[in-house]
Asks: 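Right, I'll just put the structure down here and ask away after.
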Amino acid sequence: MAYWLMKSEPDTFSLDDLRSRPDSTEHWDGVRNYQARNMMRDQMKRGDKVFFYHSSCPVPGIAGIAKVVREAYPDGSAQNPESRYYDPKASAENPRWFMVDVKFERKFKRLLPLSELKAEPALAEMTLLKKGNRLSIMPVSEDEWQQILSMV
DNA sequence: GCCAACGTTGGC
DNA sequence: GCCAACGTTGGC
């Protein structure tokens, strides 16, 4: 089993939104970056755990945990001209973009702010904290996962 | 709203 | 294949 971090803007889709979905499950559509897509498509497995990160908001940070319940399949929003994620180069034959389904697992007692992650020396090598990293999906090592859980 | 740090596009 | 221009992300 692997660990991941996935970013979402809470104004658009928050951890509470995920929890309130039917079966607390939602498909993670709209990923339009090849590196992030490749990790979803090739590496994310059912049962993997995910830190749900809130970005572009007053206090960015980790809100809680979700898990992967369905492995990658075509992201239909890429083929829908009405969608904000529409991509004219995607087709049924070549879907180009993929998504996984994630399910709510738990919400932390408090949001763990980015500022605290940055201040923790044990997390200095974490991808999230590396300068210039803007990936919306990134791997988390087991050590990092445990370290973060101990800080909540 | 600013801006650094990318990623993507497209002319050549 | 190079690279300038442009668009996006996301913290601050």
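Throughout, a chain's letter reflects where its sequence line sits, starting with A, and its residues are numbered from 1.
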Asks: Should A:Tyr34 and A:Trp97 be marked as a ring-ring contact (aromatic ring centres under 6.0 Å, His included) after you check the CA-CA gap, both sets of side-chain angles, and the distance that decides it?
Replies: CA-CA 8 Å; A:Tyr34 289 108; A:Trp97 303 110; 4.8 Å; yes
Asks: Please report the shortest heavy-atom distance between A:Ala36 and A:Leu135, naming the atom on each side.
Replies: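 Heavy atoms of A:Ala36 and A:Leu135 come nearest at N-CD2, 4.1 Å.
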Asks: Do any of residues 130-141 of chain A sit with a heavy atom less than 4.0 Å from DNA chain B, and if so which?
Replies: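 The answer is A:Lys131, A:Gly132, A:Arg134.
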Asks: Can you tell me which residue among A:Arg96, A:His27, A:Arg37, A:Arg32 is in a side chain to side chain donor-acceptor pair (under 3.5 Å) with A:Asp75?
Replies: A:Arg32
Asks: Residues from residues 6-19 of chain A sitting under 4.0 Å of DNA chain B, heavy atoms only?
Replies: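 Residues of residues 6-19 of chain A under 4.0 Å from DNA chain B: none.
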Asks: Would you tabulate the side-chain donor-acceptor contacts of residues 120-128 of chain A under 3.5 Å, counting partners in other chains and residues two or more places apart, or write 'none'?
Replies:
| residue | atom | partner | partner atom | Å |
| --- | --- | --- | --- | --- |
| A:Glu120 | OE2 | A:Ala122 | N | 2.9 |
| A:Glu125 | OE1 | A:Lys130 | NZ | 2.9 |

Asks: What range of DNA chain B does chain A touch, first nucleotide to last, counting atoms under 4.0 Å from its heavy atoms?
Replies: B:dA5 to B:dT9
Asks: What's the shortest heavy-atom distance between A:Met6 and A:Ile137, and which atoms?
Replies: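 Nearest pair, atom of A:Met6 first, then A:Ile137: CE-CD1, 4.0 Å.
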Asks: Please report the shortest heavy-atom distance between A:Ala72 and A:Phe98, naming the atom on each side.
Replies: CB-CB, 4.3 Å
Asks: Say whether, by atom type as modelled, one donor and one acceptor occur between the side chain of A:Ser83 and the main chain of A:Tyr85 under 3.5 angstrom.
Replies: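 Flag set: sc A:Ser83 to bb A:Tyr85 pair under 3.5 Å.
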Asks: How far apart are the closest heavy atoms of A:Ala78 and A:Pro95, and which atoms are they?
Replies: CB-O, 4.4 Å
Asks: What parts of residues 111-125 of chain A reach DNA chain C, counting only heavy atoms under 4.0 Å away?
Replies: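 Listed by number, they are A:Leu114, A:Lys118.
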Asks: Classify the side-chain pair A:Arg41/A:Tyr73 by whether it contains a donor and acceptor separated by less than 3.5 Å.
Replies: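 Checked: A:Arg41/A:Tyr73 side chains show no N/O donor-acceptor pair below 3.5 Å.
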Asks: Give every donor-acceptor pair under 3.5 Å between a side-chain atom in residues 50-71 of chain A and any protein atom, sequence neighbours left out.
Replies:
| residue | atom | partner | partner atom | Å |
| --- | --- | --- | --- | --- |
| A:His54 | NE2 | A:Leu15 | N | 3.1 |
| A:Glu71 | OE2 | A:Arg46 | N | 2.9 |

Asks: Main chain of A:Gln147, side chain of A:Ser150: is a donor-acceptor contact present, judged purely on distance under 3.5 Å?
Replies: yes
Asks: Which pair of heavy atoms, one from A:Arg19 and one from A:Asp16, lies closest together, and at what distance?
Replies: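 Of all heavy-atom pairs spanning A:Arg19 and A:Asp16, the closest is NH2-OD1, 2.9 Å.
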